Amino acid sequence: MSENKTLYAAYAEKIDAVLSALEAEGALPPDTNRANVSVEPPRDPSHGDLATNAAMVLAKQAKSNPRALAEKIVEHLDRDPTVTSAEIAGPGFINLRLSPSVWLDEVAAIAATGDDYGKSTAGAGTRVNIEYVSANPTGPMHMGHCRGAVVGDALASLLEHAGHEVIREYYVNDAGGQVDTLARSAHLRYREALGEDIGDIPEGMYPGEYLVPVGKAAADEFGQRFVNEPEHEWLPIFRAYAVERMMDMIKSDLAQLGIKHDVFSSEAALQAAQKPEAAEAWMREHDLVYDGVLEQPKGKMVDDWEPVELPLFRSTKFGDDQDRPIRKSDGKWTYFGADLAYHMQKAENADALIDIWGADHAGTVKRIKAAVAALSEGQGKTIPFDVKLVQMVQLLRGGEPVKMSKRSGNFVTIADMVYEVGKDVVRFTMLTRKPEAQMDFDFAKVVEASKDNPVFYVQYAHARICSILRKAKDAGLAPSSDQLSLLGEDEFTLVKQAAQFPREVEAAARAREPHRIAFYLYDLAAAFHAYWNLGNDDAEKRIIVAQEPDLSAARLFLSQQIGQVIRNGLGILGVEAVEEL
RNA sequence: GCGCCCGUAGCUCAGUCGGAUAGAGCAUCGGAUUCCUAAUCCGGGGGCCACAGGUUCGAAUCCUGUCGGGCGCACCA
């Protein structure tokens with residue numbers, strides 16, 4: 001078996017070869033369109049190991065009926081020594097059963113590839129920039145950021161496993177009005193640290209306690225220097241100072257979740273380097289930006305609306321509802337204007353871009369997609385660009401919604417969450433549903449039920465495998481592949497499940513859906529737990545059977561490989577493969 | 001009013017570029033432990049896949065419409 005090719009891909013090729021043979025025989029017309037032919041494991045394992053719909057899909061082109069065509073395909077497949085049976089079922093499915101040697105080879109393949117089992121080269125040669133988290137540097141990370149962070153991080157490592165080179169990037173929004181507010185709030189805490197009674201935190205400032213130590217640190221560093229200075233003297237200094245501390249805090253929150261970015265891009269730095277100016281010039285050159293007046297927003301009344309001429313990007317040309325301003329009337333960049341330049345910058349160094357955003361930014365997807373599309377068109381190359389929207393997490397505590405607001409300082413932080421239930425539970429919980437569906441996250445329930453969390457189910461399977469290997473070692477038994485032929489149907493069931501892993505990684509990467517790996521691991525763990533429990537009913541089915549050292553060694557070897565696959569999968573998700581619970 | 005996402009068991013959710021009899025956990029009921037970790041396993045009950053049309057050999061999946069929920073709709077970020 002060639003490496004980097006999944007078992008399923010290998011059989012897809014065999015079936016493709018059969019179809020070519022049928023073309024040569026004249027049973028199929030030349031150049032048959034095979035795009036819809038699939039080769040995959042049937043949902044119901046009792047149907048066999050592999051199923052193909054080839055006969056059904058191609059019957060029309062062959063001017064034949066599906067079952068007649070299926071018979072011709074089956075004739076060829078029967079000649080393959082690794083195919084023990086090929087049967088026609090239902091409307092024309094062809095179900096294949098594979099010989100034990102195929103499964104035993106797969107066990108050996110897992111052992112041979114080890115940590116690399118499941119990696120693919122499908123994405124080789126494509127560098128993907130994935131931007132995720134990008135929380136504003138105005139406070140600690142809270143649960144609202146958590147989902148996007150975990151999904152983005154797992155997607156990044158999933159893409160790496162699929163062979164892509166990956167850049168993990170964080171966009172630091174350190175240029176907008178909210179960082180001025182941060183700076184003022186920090187200045188207030190600074191005065192407080194120097195002994196001043198600041199009373200209640202005024203409306204419009206960030207009241208969070210997390211700014212207290214920032215104020216203290218500033219007091220230590222600056223002393224009385226900025227107490228009575230006018231704001232314009234200290235604002236830029238406090239802005240940079242506070243942002244840096246906020247980013248330290250955020251990085252430490254991310255580290256608790258096991259997340260580390262490769263690149264932190266600063267919006268302020270981008271602007272200082274005049275990237276938006278360059279972007280605007282380029283856009284104007286290509287007639288993508290013009291000076292125009294926005295229409296009054298429909299549906300929702302804006303009291304102080306008045307027509308102003310602004311530089312507008314022609315996003316309607318690319319499917320947006322409205323052209324979008326890149327500068328404000330005071331000449332400063334809008335968020336979009338800077339973001340546009342930022343995406344140009346990212347595209348310089350990557351073949352494909354992915355942004356992970358919260359659903360509250362859904363309204364801005366079209367314009368940024370339009371911007372990247374315009375960029376692609378203008379530069380005459382395609383830049384694949386995907387914005388993954390991660391839906392809101394409704395945070396509950398004992399069934400009651402928890403109102404989160406950075407303004408009021410009332411939020412559940414990631415640090416709280418990790419402290420309560422641990423990184424693995426947080427990550428796995430976020431990854432056991434598809435990101436585009438809303439989810440409820442009940443803090444109390446997750447804490448209370450953390451022992452029932454599926455993550456432990458998977459980890460337990462891994463721990464059990466480690467346990468049995470320890471036990472075997474004490475008994476003087478070592479895993480061995482010498483006598484794998486002693487394994488039987490019970491073991492094949494397990495191997496078949498494990499053999500899906502590479503296929504699952506490729507499919508999940510293609511769909512950019514890391515949650516599939518979590519569900520796959522659950523199924524694999526279930527298969528192992530079931531296998532283990534066979535020994536409860538029948539002592540001869542235990543993994544270690546004292547009287548049969550060769551069989552035990554083979555079963556240990558198999559178990560070891562299942563452990564390897566679980567470990568590889570958990571690695572993609574960033575969850576520990578613990579050795580005991 | 002417009003745009004995006006979602007609607008699958010009592011609850012939380014899976015469901016492979018459309019595939020065979022729609023699955024799992026929790027909850028519920030009944031079983032398994034002198035024996036490798038019972039944080040496990042085996043079994044029962046529980047479904048108009050929101051609704052209505054359409055596309056085709058075949059639809060939970062694709063298209064159209066309706067209803068329901070969420071998010072968004074300023075030069076904010």
Side-chain angles (χ1 to χ4, degrees), chain A residues 35-36 38 40-44 47 51 53 56-57 59-60 65-66 89-93 95 136 138 173 175-179 267 294 296-300 302-305 308 310 320-322 324-330 332-339 358-366 389-392 394 432-440 442 445 449 451-454 456-457 459-461 463-464 467-472 475 500 503-504 507-508 510-511 515-516 518-519 522-523 525-526 528-537 539 542-545 552 559 580-581:
Chain A
N36 293 322
S38 71
E40 52 190 30
R43 286 212 175 131
D44 182 347
H47 288 139
N53 62 355
M56 287 182 292
V57 173
K60 207 175 252 177
N65 73 64
F93 285 103
N95 292 328
N136 286 341
T138 55
N173 300 133
Q178 84 283 359
V179 285
E267 183 183 0
L294 282 179
Q296 177 145 19
K298 295 187 180 72
K300 197 176 148 191
V302 180
D303 299 338
D304 55 352
W305 186 86
V308 187
L310 295 167
D320 201 359
D321 321 312
Q322 205 180 14
R324 303 291 174 175
I326 59 169
R327 285 180 194 260
K328 301 185 240 179
S329 49
D330 64 3
K332 288 187 182 162
W333 297 103
T334 61
Y335 182 85
F336 172 64
D339 207 25
D360 51 342
H361 290 70
T364 64
V365 171
K366 278 188 179 172
L389 285 180
V390 174
Q391 285 294 322
M392 298 286 106
Q394 157 99 323
T432 39
R433 50 218 71 206
K434 55 183 175 202
E436 64 270 24
Q438 292 156 236
M439 72 180 277
D440 289 348
D442 194 316
K445 224 185 222 171
K451 280 197 180 114
D452 293 329
N453 195 289
F456 293 115
Y457 185 84
Q459 287 180 320
Y460 183 35
R464 267 186 155 171
S467 160
I468 190 88
L469 289 168
R470 285 192 297 266
K471 199 100 186 172
Q500 308 253 6
R503 192 177 164 271
E504 208 66 47
R510 206 180 320 120
H515 74 274
R516 288 198 200 181
F519 283 96
Y522 190 90
D523 290 342
F528 184 77
H529 285 308
Y531 176 63
W532 173 286
N533 273 278
L534 291 174
N536 278 337
D537 296 330
R542 296 178 57 162
I543 292 170
I544 298 175
V545 182
S552 300
S559 301
E580 17 187 352
L581 280 181

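Below, chain A is the first sequence line, B the second, and so on; all start at residue 1. None of the values given here were measured: they were computed from a predicted structure.
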Listed nucleotide nearest any side-chain atom of [X], set [options]:
X: A/Met56; options: B/C36, B/G19, B/C6; answer: B/G19
X: A/Gln178; options: B/U56, B/C36, B/A77; answer: B/A77
X: A/His47; options: B/C36, B/G69, B/A20; answer: B/A20
X: A/Lys366; options: B/C36, B/C71, B/G3; answer: B/G3
X: A/Tyr457; options: B/U40, B/C75, B/A60; answer: B/U40
X: A/Asn136; options: B/G72, B/A38, B/A77; answer: B/A77
X: A/Pro91; options: B/C75, B/G19, B/A38; answer: B/G19
X: A/His529; options: B/A60, B/C41, B/A32; answer: B/C41
X: A/Tyr522; options: B/A39, B/C17, B/G25; answer: B/G25
X: A/Lys434; options: B/C5, B/C75, B/G7; answer: B/G7

Original post:
Between A/Arg324 and A/Asn536, which is nearer to the 5' end of RNA chain B once each is assigned its nearest nucleotide?
Top reply: A/Asn536
Original post:
Between A/Gly176 and A/Ala525, which has a closest nucleotide on RNA chain B that is more 5'?
Top reply: A/Ala525
Using both distances under 3.5 Å as the test, list the Watson-Crick or G-U wobble partner of [N], or none.
N: B/A60; value: none
N: B/C67; value: B/G7
N: B/G43; value: B/C29
N: B/C13; value: B/G23
N: B/C73; value: B/G1
N: B/G18; value: none

Roughly how many Å apart are [M] and [N], using the [atom1] atom of each and rounding to a whole number?
N: B/G18; M: B/U55; atom1: C1'; result: 11 Å
N: B/A27; M: B/G68; atom1: C1'; result: 26 Å
N: B/G47; M: B/U21; atom1: C1'; result: 14 Å
N: B/U56; M: B/G45; atom1: P; result: 38 Å
N: B/A39; M: B/A20; atom1: C1'; result: 36 Å
N: B/C4; M: B/U12; atom1: P; result: 26 Å
N: B/C71; M: B/A32; atom1: P; result: 49 Å
N: B/A50; M: B/C29; atom1: P; result: 30 Å

Original post:
Under 4.0 Å between a side-chain N or O of A/Arg43 and OP1 or OP2 of B/U21?
Top reply: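 Checking B/U21 against A/Arg43, no side-chain N or O comes under 4.0 Å of OP1 or OP2.
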**OP:** Check the geometry between A/His361 and B/A77 and answer yes if their rings are stacked (centres below 5.5 Å, planes below 30°), otherwise no.
**Re:** yes
**OP:** Compare the aromatic ring of A/Phe93 with the six-membered base ring of B/A20 and state whether they stack according to the 5.5 Å and 30° rule.
**Re:**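 The base of B/A20 is stacked with A/Phe93 (centres under 5.5 Å, planes under 30°).
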Do [X] and [N] have a side chain to base donor-acceptor pair shorter than 3.5 Å?
X: A/Asn95; N: B/A20; result: yes
X: A/Thr432; N: B/C13; result: no
X: A/Glu40; N: B/G19; result: no

**OP:** Using modelled atom types only, decide if a donor and an acceptor are shared between the side chain of A/Asn53 and the backbone of A/Ser38 within a distance under 3.5 Å.
**Re:**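 Judged by distance alone, yes, a pair lies under 3.5 Å.
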Original post:
Just by distance, do the side chain of A/Thr334 and the backbone of A/Ile326 share a donor-acceptor pair under 3.5 Å?
Top reply: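 Yes, because the side chain of A/Thr334 sits within donor-acceptor range (under 3.5 Å) of the backbone of A/Ile326.
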Looking at [X] and [Y], what are the two nearest heavy atoms and their distance?
X: A/Leu389; Y: A/Ala359; result: CD2-CA, 4.4 Å
X: A/Pro66; Y: A/Ala59; result: N-CB, 3.7 Å
X: A/Asp320; Y: A/Arg324; result: OD2-NE, 3.0 Å

Quickly work out the [X] [atom1] to [N] [atom2] distance and round it to whole Å.
X: A/Trp532; N: B/C41; atom1: CH2; atom2: C1'; value: 12 Å
X: A/Arg433; N: B/G15; atom1: CZ; atom2: C1'; value: 15 Å
X: A/Arg516; N: B/U61; atom1: CZ; atom2: C1'; value: 12 Å
X: A/Asp537; N: B/G31; atom1: CG; atom2: P; value: 16 Å
X: A/Tyr335; N: B/G72; atom1: OH; atom2: C1'; value: 15 Å
X: A/Asn533; N: B/U33; atom1: CG; atom2: C1'; value: 10 Å
X: A/Asn453; N: B/A24; atom1: CG; atom2: C1'; value: 14 Å

Subject >> A/Tyr457: which of A/Phe519, A/Tyr522, A/Phe528 passes ring-ring contact (aromatic ring centres under 6.0 Å, His included) >> reply: A/Tyr522
**OP:** Kindly compute the distance separating NZ (A/Lys434) from NE2 (A/His515), expressed to the nearest 0.5 Å.
**Re:** 7.0 Å
